[in-house]
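Have a look at the structure below before the remarks.
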Amino acid sequence: MTGDHETIDHADVRAATGRTAGHTRPVTVAPDDTVEGLHLAYEFTQHTGSFKARGAINFTTAHLAAGTMPSAGVVIASGGNAGLACAWAADRCSVPATVFLPETAPEVKVARLRSLGATVHLVGKEYAEAFEASRDFAARTGALLSHAYDNPYIAAGAGTLMEEIHAALPELDTVVVAVGGGGLFSGVAAAAHAHGVRVVAVEPENSRALHAAIAAGHPVDVTVDSVAADSLGARQVSREAVRWAGLADCVPVLVPDEEIVVARRLLWDDRRLAVEHAAATAYAAVRTGAYPVGDGERVCVVLCGANTDPGDLVTRASAPTGG
């Protein structure tokens, strides 16, 4: 890749694997006893609590190696997983990081970003205003503008997760991932396609940017109204996600919010796994039969993140009563 808007393939994912080695935590893959042949990929234990660390460190190290990292460092507009990952990767590589957030951003997010060494600017009332401010900052200072998902280094970095899953489960038939903007899906699909693995792309019913794009043949704006919107709330998927939906063995699936909530609760009640709703979205597809696992099929569900408030999971009903 020589630019920030090119397509990716398996070679890009393999290159990202070399760059991210020693930086990211190898994923743990564990069997799940609820469905025969089912495994769970515990990516929620990754640095900063989500798969986003993979793309962020690939983006940062690639630009450092190419000599294209400016002295002003990187800039991103994101108060979520992408912003945390960008700040973490920059700090790890001793690169300045600037993060723009709306003025309404929770103080806990601001404090966490600052703890990672990022300079934080609060601008406007909505994300769009923060994003425009980040673009202005990049133009004014020369800082390198990063993106939450629509960047080939970000997507290829996310694909390193699939390489690790395949190494752990070489006979894998199907991988199940949640889809927001399409960065994780694109990277995983590029690697899965090379290994002959099907990709189940799961979205909430009311946050279906990939479904809409597949129907239209190109990215389109969608209305976002989902319990998982904090992570899967992209109004439009990347063009690369649409491209890989056509190239790979891809099965698009929708799940309702109520099933996402139930799946997240079950992961806590049965396994004490506190994950965000995005991770539960992927699990819900298998749990509900929205994606029916075939006889003898070997499936791995990616639990992609854990940046969530676990307070609503620890209830009187699920707490131990003694003994």
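For the single chain, residues carry numbers from 1 onward in sequence order.
- Aromatic ring centres of His10 and His195: separated by under 6.0 Å.
- Here the closest heavy-atom approach between residue Val220 and residue Ala212 is recorded as CG2-CB, 3.6 Å.
- Distance alone, capped at 3.5 Å, places no donor-acceptor pair between the Glu240 side chain and the Ser186 backbone.
- Between the side chain of Glu203 and the backbone N or O of His211, at least one donor-acceptor pair lies under 3.5 Å.
- For Val255 against Ala290, the heavy-atom pair with the smallest separation is CG1-CB, 4.0 Å.
- Heavy atoms only, all atoms of each residue included: Ser207 and Ser226 are closest at CB-CB, 4.0 Å.
- Side-chain contact between Leu84 and Leu113 is present, with at least one heavy-atom pair separated by less than 4.5 Å.
- Hydrophobic clustering places Val286 together with Leu267 (ILVMFWY residues linked when any side-chain heavy atoms are closer than 4.5 Å, directly or through intermediates).
- In terms of modelled atom types and a separation under 3.5 Å, the side chain of Thr45 and the main chain of Tyr42 share a donor-acceptor contact.
- Residues Val242 and Val199 fall within the same hydrophobic cluster, defined by Ile, Leu, Val, Met, Phe, Trp and Tyr side chains chained together at heavy-atom separations under 4.5 Å.
- Asp173 contributes a side-chain N or O that, together with a main-chain N or O of Arg298, makes up a donor-acceptor pair within less than 3.5 Å.
- Using a 4.5 Å heavy-atom cutoff, the side chains of Trp244 and Ile8 are in contact.
- Here the straight-line distance linking atom NE2 of His166 with atom CD of Glu171 works out to 7.5 Å at 0.5 Å rounding.
- Closest non-hydrogen pair, Pro102 versus Leu122, comes out as O-CD2, 3.6 Å.
- In this structure, Arg25 places its CZ atom where more than 12 heavy-atom neighbours from other residues, nucleotides or ligands lie under 6.0 Å away.
- Side-chain contact between Pro152 and Asp12 is absent, with no heavy atoms from C-beta onward closer than 4.5 Å.
- Counting heavy atoms from C-beta on, the side chains of Ile165 and Leu172 come closer than 4.5 Å.
- Although no hydrogens or angles enter the test, the distance criterion places a donor-acceptor pair under 3.5 Å between the side chain of Arg265 and the main chain of Leu313.
- For the pair Thr68 (side chain) and His63 (backbone), a donor-acceptor distance under 3.5 Å is present.
- Here the side chain of Glu276 pairs a donor or acceptor atom with the backbone of Ala306 at under 3.5 angstrom.
- Within a 6.0 Å sphere centred on CZ of Arg271, other residues, nucleotides and ligands contribute more than 12 heavy atoms.
- Under a hydrophobic-cluster definition in which Ile, Leu, Val, Met, Phe, Trp and Tyr are linked whenever side-chain heavy atoms come within less than 4.5 Å, directly or via other members, Leu232 and Phe44 are assigned to different clusters.
- In this structure the side chain of Asp32 reaches within 4.5 angstrom of the side chain of Tyr283, judged on heavy atoms.
- With respect to Arg19, the side-chain hydrogen bond (donor to acceptor under 3.5 Å, both in side chains) criterion is satisfied by exactly one of Thr61, Asn58, Thr24: Asn58.
- Between Met162 and Val13, the closest side-chain pair of non-hydrogen atoms is not below 4.5 Å.
- Two residues are said to be in side-chain contact when any heavy atoms from C-beta on lie closer than 4.5 Å; Ile57 and Cys93 meet this criterion.
- Separation of atoms CZ (Arg208) and OG1 (Thr223) is listed at 11.0 Å; rounding is to 0.5 Å.
- We find the NE2-CZ distance between His218 and Arg239 to be 8.0 Å, quoted to the nearest 0.5 Å.
- The pair Arg54-Glu164 meets the salt-bridge criterion, since a charged nitrogen lies less than 4.0 angstrom from a carboxylate oxygen.
- Not one N or O on the side chain of Glu297 forms a donor-acceptor pair closer than 3.5 Å with the backbone of Val293.
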Go through the steps to decide whether Arg198 and Val251 satisfy the test side chain to side chain contact (heavy atoms under 4.5 Å, CB included), and finish with yes or no. CA-CA 8 Å; Arg198 177 183 300 108; Val251 180; 3.6 Å; yes

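- Residue Asn206 holds its CG atom at 9.0 Å from CG of Leu254, rounded to the nearest 0.5 Å.
- With His23 contributing its side chain and Ala89 its backbone, the two residues share no donor-acceptor pair below 3.5 Å.
- Hydrophobic clustering places Val261 together with Val202 (ILVMFWY residues linked when any side-chain heavy atoms are closer than 4.5 Å, directly or through intermediates).
- Contact annotation: the side chain of Met69 approaches that of Val74 to within less than 4.5 Å [non-hydrogen atoms, C-beta and beyond].
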Chi angles and distances behind the side chain to side chain contact (heavy atoms under 4.5 Å, CB included) call for Val99, Lys109: CA-CA 11 Å; Val99 181; Lys109 288 187 175 182; over 6 Å; no

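- Summarising the geometry of Val176 relative to Ala282, their closest heavy-atom pair is CG1-O, 3.6 Å, with the distance given to 0.1 Å.
- The two residues Val237 and Ala241 come nearest to each other via the heavy atoms CB-CB, 4.2 Å.
- Summarising the geometry, atom CZ belonging to Arg114 is positioned 8.5 Å from atom OG1 belonging to Thr119; distances are rounded to the nearest 0.5 Å.
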Should Arg287 and Val262 be marked as a side chain to side chain contact (heavy atoms under 4.5 Å, CB included) after you check the CA-CA gap, both sets of side-chain angles, and the distance that decides it? CA-CA 10 Å; Arg287 195 201 71 81; Val262 170; 3.7 Å; yes

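- Leu266 and Val275 are not part of a single hydrophobic cluster, where members link through side-chain heavy atoms under 4.5 Å apart.
- Note that CZ of Phe51 and CG of Leu161 are 9.0 Å apart. Values are rounded to the nearest 0.5 Å.
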For Ile154 and Ser146, what are the C-alpha separation, side-chain angles and deciding distance, and is it a side chain to side chain contact (heavy atoms under 4.5 Å, CB included)? CA-CA 9 Å; Ile154 297 296; Ser146 185; 4.2 Å; yes

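- Both cation-pi conditions hold for Arg272 and Trp268: the charged atom is under 6.0 angstrom from the six-membered ring centre and inside a 45 degree cone around its axis.
- Note on ring orientation: taking the six-membered ring where Trp is involved, the planes of Tyr153 and Phe59 are perpendicular (angle over 60°, cut-offs 30° and 60°).
- Judged purely by atom type and a 3.5 angstrom limit, Glu36 has no side-chain atom pairing as donor or acceptor with the backbone of Gly296.
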